[in-house]
Amino acid sequence: MSPEFQKRFESFMPELTSRLFKLYGGRWDFYRILDKLADILQKAGKEYQEPDADCDTEWYLSEQQAGYVLYVDLFAENFDGLIKKIPYLQELGITYVHLMPLFKCPEKESDGGYAVSSYRETDPKLGTISDLKTALKEFHRAGIRVVADFVFNHTSDEHEWALKAKQGNQFYRDFYFIYKDKSDADDWNRTLREIFPEVRRGSFTYVKEAGGWVWTTFNPFQWDLNYSNPDVFLAMCAEMLSLANLGVDVLRLDALAFIWKKKNTCCENLPEAHTLIQAFQNAARIAAPGLVFKSEAIVHPDEVARYISREECRLSYNPLQMALFWEALAARDTRLLQSSLKKRWAIPGGCAWVNYIRCHDDIGWTFSDEDAGELGINGYSHRQFLNKFYTNRFDGSFARGVPFQLNPQTGDCRICGTTASLAGLEDAYELHKKQDPRAELYAEMAVKRIVMIYTVLAALPGIPLIYSGDENAMINDYSYRADKSRKDDSRWVHRIPFNKTAESDSWLSARQEKITAAIHKIIRGRKNEKLFGQAGIYFHNLQDSHVFGFTRFSDHERIHIAANFSEQSCLYQIGDTTLHLGPYDVITLKESI
């Protein structure tokens, strides 16, 4: 045991013990749990590469950071191809890359790679675990940190643990929630929200091989883990540390809101979930101190913020910012965006948002109904409007999105589509093919929308994240509808092979190239402006409902940003200066203090 490990162990083990006592302290074998955990930490600590003494532990706060998220197979086919694409990412200015999905999954029922069968084996078509480790070293050599998914709420039903549970091994049956009597499952279901109503109703699936009803929050082949069993925590802690020892810098905690179950609750965002994440964090501080957690909580904004702290997740996706960018574009009204971010942006020091326009999943309208109500907006009706607008079912819509997981009872759904298609480029292209004279104006507006939202994104505190292909303005690919394994999952409309083009057309390519050049310029501009790093932010009081405005500031200077989210020209006042904003314009104004 190294002196550094010993020091960390002595510093953080008391906190870790305290958190585990909250969860498991009533068990007679609590000290057995601690002994086994100490062995896991010591073994992982021996393998961990200690970070340099001068390593920047808060690197994610810098204006130099720019993120990119990609599917390895769609972007580069395999790990060898991924290494060859590193120069592309460097040229774009990327310093943080999220690789999806990496690990072994069932061939047919994988949820796009999020039904993990083993964290110790990679997806064979990508290469071996050794190939992955080599790729991570090459990313680090290029100055790029790597993010991987930690799917710790559930496993695939083909995971070794689930297979042993099906065989009747009681130790592993206790890793899951398996009930012989349906009434037990029904008792839980009374208070649970349906996540995938198109897949099946309720949160349980009858599994003949297991001889009962298994808790499956998401898909029937994704079995929820039972963290009230401490052996599950120990096993998943070992899996987490194995990822750190591969060279992963950041773990995205998948579906973290669901990880603790308690009778007569909705089983989301429970206090014990926070305690459990804090326990994982303390374990990482001991055995893998360079590892950073990123929260993926697509829940009410108040709940999202509760996962963000040095004790839980120092990074968090910003689903409110993402959803409200699209909301403001559809409504041509920034009131909800301005007021919500003004109220909800602040997070603890040493933490950062990961801001994004699109990701590999769907868009859910996760704004607060309370925030909307203060503006006289009915949350339910507004979501119905947004769903219609972004699926091109609203008169005057520029968007070409696809609904995902439509709930037949509530009419609720989420939205899929590439940034370019949601922002109007596909709509303009369809008009062009019909030789409609409106195509030129519509395309111009689409390009301006995309450039505007990415410009604003880069000016906000945190890491701006680009979803692979969006920098090249790829439009929706509807070929997934002809694939039996994908036709029922509309998210594949934007999960597109990197080099694939829907059609070869110089008219479309010319507009896409404008967007690509603009995004390169935006990233360079962010890196050249210190105020886009750790400087403070305040959001302006609303002057014009078309304009979103904020200021980044330090002790000596500040930069004002004003962005027009509409096709209407307007005026905006900053101090004694009147800004004239054309359609979808962004204006920055820098001054000394």
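One-based numbering along the sequence shown.
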Which donor-acceptor pairs under 3.5 Å do the side chains of residues 480-487 make with protein atoms, sequence neighbours left out?
{"unit_1": "Asp483", "atom_1": "OD1", "unit_2": "Ser485", "atom_2": "N", "d": "2.9"}
{"unit_1": "Asp483", "atom_1": "OD1", "unit_2": "Ser485", "atom_2": "OG", "d": "2.7"}

Using residues 72-80 as the side-chain source, report each donor-acceptor pair under 3.5 Å to any protein atom, sequence neighbours left out, with the distance given to one decimal.
{"unit_1": "Asn78", "atom_1": "OD1", "unit_2": "Asp80", "atom_2": "N", "d": "3.2"}
{"unit_1": "Asn78", "atom_1": "OD1", "unit_2": "Gly81", "atom_2": "N", "d": "2.7"}

_We want to know whether Arg120 and Ser118 form a side-chain donor-acceptor pair, criterion being a heavy-atom distance below 3.5 angstrom._
no
*asked:* Does atom NZ (Lys388) have a neighbourhood of more than 12 heavy atoms from anything else shown, all under 6.0 Å?
replied: no
*In chain order, what residues pass the ring-ring contact (aromatic ring centres under 6.0 Å, His included) check against His159, with sequence neighbours excluded?*
Trp161
*Examine the side chains of Tyr584 and Arg449 and answer whether a donor and an acceptor come within less than 3.5 Å of each other.*
yes
*Just checking, any donor-acceptor pair under 3.5 angstrom between side chains of Glu471 and His520?*
no
*Report the residues that fulfil ring-ring contact (aromatic ring centres under 6.0 Å, His included) with His98, sequence neighbours left out, ordered by chain and then residue number.*
none
*Taking the six-membered ring for Trp and the single ring otherwise, decide whether the centroids of Tyr390 and Trp365 are under 6.0 Å apart.*
yes
*Using the ring of Phe367 (Phe, Tyr or Trp, six-membered ring only), decide whether Arg383 places NZ or CZ under 6.0 Å from its centre and within 45 degrees of its axis.*
yes
*Is it true that Tyr467 and Tyr68 have ring centroids separated by less than 6.0 Å?*
no
*Examine the side chains of Ser368 and Arg344 and answer whether a donor and an acceptor come within less than 3.5 Å of each other.*
yes
*Who are the ring-ring contact (aromatic ring centres under 6.0 Å, His included) partners of Phe221, not counting sequence neighbours?*
none
*Keeping the roles fixed (side chain from Asn153, backbone from Asp254), state whether a donor-acceptor pair exists under 3.5 Å.*
no
*Within 45 degrees of the axis of the six-membered ring of Phe325 and under 6.0 Å from its centre: does Arg358 put its NZ or CZ there?*
no
_Qualifying residues under ring-ring contact (aromatic ring centres under 6.0 Å, His included), relative to Trp215, sequence neighbours excluded_ = Phe177, Trp188, Phe204
*Which class fits the ring pair Tyr176 and Trp223: parallel under 30°, tilted 30 to 60°, perpendicular over 60°?*
perpendicular
